[in-house]
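Presented below is the structure to which this report refers.
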Amino acid sequence: MRGGPTICTRFRISYYDSSVLPSVADVLAMPVVRAGEPEVVAGGSLDRPVRWVHVSDVADVAQLLAGGELILTTGQAMSHGDIATVGYLTALAAAGVSGLVLELGEYVPELAPVVAATADALGLPLIVLHRITRFVEITEAVHRVIVAEQYAELEFARTVHETFTELSVRRASLAEIVKTAADMLDSSVVLEDLSHRVLTLTVRHATTSALLEDWETTSRMLPGGWDAVAVGPHTQRWGRLILPAGDVPTARARMVLERAAQTLTLHRMIEKDRFGLHRQAQTGLIDDMANGRVLDERDAVARAAALGLARRAAYVPLAIDLAAVAESDPVARQRRAAGILDAVTHGLGLAKVTALAAADQGDRVGMILALPRTGDLDAGLTAACTAITGEVRRVDGVERVVIGVGAESDSLLDTAHELPHAAHVAEVALSLASSAPRPFYRSGDVRLRGLLSLIRNEPGVQRFAETELSALLRHDIRHNADLTHTLRQFLDLAGNKTELARRLNISRPTLYDRLARIERILAVDLEDGESRTSLHAALLIRDLTANTDVR
């Protein structure tokens, strides 16, 4: 029954969403069809979608069809000879039908060889039923499925519209918009910029490291089965939403991606690049790592590499803190914060190193710096910090810049967890005397002041400082004096009375009298080493607490 002449024809183009329709194979699997003992005898793929089921024995039914129909027939049109049968089958194929189901019986007791040969040549699925079947039951069953799936698609479209509209209204973040799209499709979704750097992503049924392996190359080539939608106004595209290959129906995938892209476009138009999408992505990644939302080192490295951080490097936590002219205008503060980040980026470029940077509270910037493992790490760190500091000092209003550094590590996650320590070191370093500034400060450089700053807010520590100094502070208030300043200078100079008299520009007897009064008021001996240490610690705690209040 196989073989026969090759018959070429032009199929009619039909417009319907094939992804939500049952296929010919789905129809054949229905119990009502299986009851007729179906047999596929010829033709093309059974994956063709069935838009509708049409029952007809009319020979010229093809001119009434729109394409995508499954034809049920008893074969009356095929009972008038081979020439009429070939013409009938050719017309059906040209109309774009999904298949032909023929019930063997009165009109066609058995198939002539030319029938299967012609169906094969046309690529028209031909199925015969060996038992008499009620066609109305088949049409009801199939149409019930088609209508139900179309209703489900309408409901899905309504949900997509309402969900992304709500995200737009409340100005959801880039990450939340992308996560919503991934949740709807139950598939990974990636948002990248025009340089193929990953701004944010949500991973499903895979690992982040596997998905982002050699991402730039993969993204540029866009493997078969992957879907991508441009993000941004038509004339100002700034990124793409990418759906890796999966089992998501194409129509649903495009609907969700396009709606998500519109929401992302609106998000950026509203935010108007407060710190740039790339910076927002870096801030988001640092926050995710520091707060335990990323737990796999490979995933963290993959995401960081997709944002430009060098792999296989020594990672160093940095915090940049600065003293600047007070600015009451929020717009001006925002402009200065953006200028500081720009300066940091420029400094990194001058030092030829990579980093993740995130704006912290006020004018502080947290960073994870990637340095080559070869060579002197401190030399590379010094060069990078010197370049960054030099550029940040150029920003209008900046008066002083310090950089706090934590312990370097081969682990990106461990480095992220060290960022609060680096911020603490920077904060304490900023309170130190500004003479002979360093390129960067470590814990050992802030010494006792650093330790006290860690515990300064503890009630017991504050009680200690108050107990040590309260009598002298009350005396100064009552007598409009400044013996506290004299005590501070005395302790800073390690008890050098000659230098202290010169610095205060007073005579030695006058200085001795002041020191004696301090001893009487506080009931201490200033020649005692432990007393000096206690008083000095209390003054440092007072300074640090005052600085916290100001900040």
Greater than 12 external heavy atoms within 6.0 Å of [X]'s [atom1]:
{"X": "Glu530", "atom1": "CD", "answer": "no"}
{"X": "Arg237", "atom1": "CZ", "answer": "yes"}
{"X": "Arg204", "atom1": "CZ", "answer": "yes"}
{"X": "Asp396", "atom1": "CG", "answer": "no"}
{"X": "Arg293", "atom1": "CZ", "answer": "yes"}

Does [X] use its side chain to pair, donor to acceptor, with the backbone of [Y] at less than 3.5 Å?
{"X": "Ser98", "Y": "Gly68", "result": "yes"}
{"X": "His205", "Y": "Asp186", "result": "yes"}
{"X": "Asp299", "Y": "Thr208", "result": "yes"}
{"X": "Glu418", "Y": "Gly406", "result": "no"}
{"X": "Glu427", "Y": "Asp321", "result": "no"}
{"X": "Arg254", "Y": "Ala228", "result": "yes"}
{"X": "Arg259", "Y": "Phe164", "result": "no"}
{"X": "His196", "Y": "Ala306", "result": "no"}
{"X": "Ser45", "Y": "Asp47", "result": "yes"}
{"X": "Asp287", "Y": "Thr283", "result": "no"}

Among Val425, Val316, Leu369, exactly one meets side chain to side chain contact (heavy atoms under 4.5 Å, CB included) together with Val405. Which residue is that?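 Exactly one candidate clears the test, Val316.
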
Hey, which of Leu412, Leu419, Asp414 is the one that makes side chain to side chain contact (heavy atoms under 4.5 Å, CB included) with Met289?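 Among the candidates, only Leu412 passes.
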
Taking side chain as C-beta onward, heavy atoms only, is [X] less than 4.5 Å from [Y]?
{"X": "Glu297", "Y": "Ser411", "answer": "yes"}
{"X": "Arg298", "Y": "Thr207", "answer": "no"}
{"X": "Asp214", "Y": "Thr217", "answer": "yes"}
{"X": "Asp227", "Y": "Ile242", "answer": "no"}
{"X": "Leu266", "Y": "Arg171", "answer": "no"}
{"X": "Ile146", "Y": "Val142", "answer": "yes"}
{"X": "Leu199", "Y": "Trp238", "answer": "yes"}
{"X": "Glu466", "Y": "Gln462", "answer": "no"}

Gap between atom [atom2] of [Y] and atom [atom1] of [X] - 0.5 Å precision:
{"X": "Ile286", "Y": "Leu307", "atom1": "CD1", "atom2": "CG", "answer": "9.5 Å"}
{"X": "Leu191", "Y": "Leu201", "atom1": "CG", "atom2": "CG", "answer": "9.5 Å"}
{"X": "Leu322", "Y": "Arg364", "atom1": "CG", "atom2": "CZ", "answer": "9.5 Å"}
{"X": "His346", "Y": "Ile388", "atom1": "NE2", "atom2": "CD1", "answer": "12.0 Å"}
{"X": "Thr163", "Y": "Arg158", "atom1": "OG1", "atom2": "CZ", "answer": "9.0 Å"}
{"X": "Leu167", "Y": "Thr263", "atom1": "CG", "atom2": "OG1", "answer": "6.5 Å"}

How far apart are the C-alpha atoms of Val402 and Thr389, what are their side-chain angles, what is the distance that settles it, and do they pass the side-chain contact (heavy atoms from CB on, under 4.5 Å) test? CA-CA 7 Å; Val402 297; Thr389 301; over 6 Å; no

Before giving the answer on side-chain contact (heavy atoms from CB on, under 4.5 Å), spell out for Leu539 and Glu468 the whole-Å C-alpha distance, their side-chain angles and the decisive distance to 0.1 Å. CA-CA 9 Å; Leu539 287 168; Glu468 289 288 316; over 6 Å; no

Verify side-chain contact (heavy atoms from CB on, under 4.5 Å) between Trp52 and His143, making sure each step is shown before the conclusion. CA-CA 7 Å; Trp52 205 246; His143 291 167; 3.3 Å; yes

Work out which heavy atom in [X] is nearest to a heavy atom in [Y]; give both atom names and the distance.
{"X": "Leu295", "Y": "Leu413", "value": "O-CD1, 3.5 Å"}
{"X": "Gly232", "Y": "Thr265", "value": "N-OG1, 2.9 Å"}
{"X": "Ile177", "Y": "Ala172", "value": "CD1-O, 3.8 Å"}
{"X": "Ser188", "Y": "Leu211", "value": "CB-CD2, 4.0 Å"}
{"X": "Ala359", "Y": "Leu341", "value": "CB-CD1, 4.2 Å"}
{"X": "Leu348", "Y": "Met367", "value": "CD2-CE, 3.7 Å"}

Do the charged groups of [X] and [Y] touch, with an N to O distance under 4.0 Å?
{"X": "Glu176", "Y": "Lys179", "value": "no"}
{"X": "Arg303", "Y": "Asp288", "value": "yes"}
{"X": "Arg312", "Y": "Asp410", "value": "no"}
{"X": "Arg394", "Y": "Glu391", "value": "yes"}

Name the orientation class of the two ring planes belonging to Trp226 and Trp215 (parallel below 30°, tilted from 30 to 60°, perpendicular beyond 60°).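 Tilted.
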
Kindly indicate, with the supporting measurements, whether the criterion side-chain contact (heavy atoms from CB on, under 4.5 Å) is fulfilled by Val256 and Phe156. CA-CA 10 Å; Val256 172; Phe156 182 76; 3.6 Å; yes

Result block: side-chain N/O donor-acceptor pairs under 3.5 angstrom for residues 377-386, not counting sequence neighbours:
| unit_1 | atom_1 | unit_2 | atom_2 | d |
| --- | --- | --- | --- | --- |
| Asp378 | OD1 | Arg442 | NH2 | 3.1 |
| Thr382 | OG1 | Asp378 | O | 2.8 |
| Thr386 | OG1 | Thr382 | O | 2.7 |

Could you please spell out the steps behind the side chain to side chain donor-acceptor pair (under 3.5 Å) verdict for Thr180 and Asp183? CA-CA 5 Å; Thr180 300; Asp183 290 344; 5.5 Å; no

